[in-house]
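Down below is the structure, laid out as structure tokens.
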Amino acid sequence: MTGIEGQDLLPRPRISPDNAPFWEGCREGRLMLPTCTGCGRAHLPPGPVCPFCLSSALDWREAKGTGTISTWTVVHKVWFPIFADRVPYNVIQVQLDEGPRLTARLVESDAPPKVGQRVSVLFEQLDAELAMPAFRPLAG
Ligand code: ZN
């Protein structure tokens, strides 16, 4: 990582025991989803209870990391100082193949996002401890 002024001030996502496996997975380059062992559905945001059947029996499973853009917008304000030189940038909401939706940056694309476009997850290492999911267009 190149030196970034004020990097120590990088705001962190709100990390709790409920979502720590998600962020741990990002560090390891894996998209982990809380999946209910009661009804079998994956859900985001992570929580201690399944929003569908209210079961607390959750299992963290690795997702394929692929999905379809369901909506998108252009962001003119930084989420993190590290993105400051890239403003404005495209943020997309992706309906993952496992069902839940995940909002993240669209990267490695010169064209505007399109609803229905297929994308694949990658992970941007922001500093030694924090990696954020992002998506790139899926070839084909
Ligand atoms: Zn459930």
Side-chain angles (χ1 to χ4, degrees):
M1 200 91 252
T2 56
I4 290 170
E5 195 86 20
Q7 189 171 341
D8 290 345
L9 301 177
L10 183 69
R12 320 296 293 186
R14 190 181 299 258
I15 297 176
S16 73
D18 290 341
N19 65 20
F22 177 87
W23 294 108
E24 185 179 12
C26 289
R27 263 187 220 176
E28 298 166 352
R30 303 187 302 151
L31 183 61
M32 300 300 292
L33 296 180
T35 305
C36 176
T37 58
C39 71
R41 288 191 267 193
H43 62 269
L44 287 173
V49 171
C50 172
F52 304 109
C53 73
L54 308 183
S55 167
S56 60
L58 299 177
D59 187 25
W60 284 85
R61 296 183 191 160
E62 185 170 0
K64 287 184 287 183
T66 50
T68 304
I69 296 177
S70 54
T71 184
W72 65 276
T73 190
V74 180
V75 170
H76 296 273
K77 184 174 180 231
V78 290
W79 289 353
F80 293 98
I82 200 168
F83 293 143
D85 62 345
R86 309 182 212 173
V87 169
Y89 53 89
N90 292 319
V91 168
I92 58 177
Q93 189 175 59
V94 175
Q95 175 134 32
L96 297 169
D97 290 341
E98 289 80 3
R101 293 182 178 196
L102 180 62
T103 301
R105 289 187 342 118
L106 178 66
V107 297
E108 298 181 14
S109 176
D110 296 328
K114 283 187 193 149
V115 171
Q117 183 179 358
R118 296 284 295 161
V119 291
S120 175
V121 76
L122 60 100
F123 297 92
E124 296 184 296
Q125 194 74 37
L126 296 193
D127 62 26
E129 295 95 19
L130 181 63
M132 293 278 288
F135 288 92
R136 66 161 70 103
L138 196 58

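The first residue in the sequence is number 1, and the count goes up from there. All values derive from a computational prediction rather than experimental measurement. Side-chain atoms are counted along with the backbone in the values below, which use heavy atoms only and exclude waters and symmetry mates.
Across every non-hydrogen atom of Ile69 and Pro113, the tightest pair is CD1-CB, 4.0 Å. The shortest heavy-atom contact between Trp72 and Pro112 is CH2-CB, 4.4 Å. In this structure, Pro13 and Trp23 approach most closely via the heavy-atom pair CB-CZ2, 3.4 Å. When all heavy atoms are compared, the tightest approach of Phe22 to Met32 is CD1-O, 3.4 Å. In this structure, Leu58 and Cys36 approach most closely via the heavy-atom pair CD2-CA, 3.7 Å. Closest non-hydrogen pair, Gly67 versus Asp97, comes out as CA-OD1, 3.6 Å.
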Derivation and outcome, side chain to side chain contact (heavy atoms under 4.5 Å, CB included), residues Val121 and Val94:
CA-CA 10 Å; Val121 76; Val94 175; over 6 Å; no
As a quick check of understanding, evaluate side chain to side chain contact (heavy atoms under 4.5 Å, CB included) for Leu31 and Phe123, giving each step before the final call.
CA-CA 9 Å; Leu31 183 61; Phe123 297 92; 4.0 Å; yes
For Arg61 and Leu33, run side chain to side chain contact (heavy atoms under 4.5 Å, CB included): C-alpha distance rounded to whole Å, both residues' side-chain angles, the deciding distance at 0.1 Å, then the answer.
CA-CA 5 Å; Arg61 296 183 191 160; Leu33 296 180; 5.9 Å; no
Let's go through Glu124 and Arg105 carefully: what are the C-alpha distance in whole Å and the side-chain angles of both, what is the deciding distance for salt bridge (Lys or Arg N to Asp or Glu O under 4.0 Å) to 0.1 Å, and is it a yes or a no?
CA-CA 10 Å; Glu124 296 184 296; Arg105 289 187 342 118; 2.8 Å; yes
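Side-chain atoms of Asp127 come within 3.5 Å of backbone N or O of Leu130 as a donor-acceptor pair. Here the side chain of Arg118 pairs no donor or acceptor atom with the backbone of Ala139 at under 3.5 angstrom. In this structure, the side chain of Asp18 does not engage the main chain of Pro45 through any donor-acceptor pair within 3.5 Å. In this structure, the side chain of Ser120 does not engage the main chain of Leu138 through any donor-acceptor pair within 3.5 Å.
Between the CG atom of Leu96 and the OG1 atom of Thr68 there is a distance of 9.0 Å, given to the nearest 0.5 Å. Gln93 CD to Arg101 CZ: the interatomic distance, rounded to the nearest 0.5 Å, is 5.0 Å. Rounded to the nearest 0.5 angstrom, Glu24 CD and Arg30 CZ are separated by 8.0 Å.
In this model, no donor atom of one side chain and acceptor atom of the other lie less than 3.5 Å apart for Thr37 and Asp59.
Side-chain contact between Pro51 and Val49 is absent, with no heavy atoms from C-beta onward closer than 4.5 Å. Under the 4.5 Å side-chain criterion, counting only non-hydrogen atoms from C-beta, Pro133 is in contact with Cys26. Here the side chains of Pro34 and His43 are in contact, with some heavy-atom distance below 4.5 Å.
Under the 4.5 Å side-chain contact rule for hydrophobic residues, Val107 and Leu126 do not share a cluster.
Here the rule is side chain to side chain contact (heavy atoms under 4.5 Å, CB included) with Phe135, and of Leu102, Thr66, Leu122, Val91 only Leu102 fits it.
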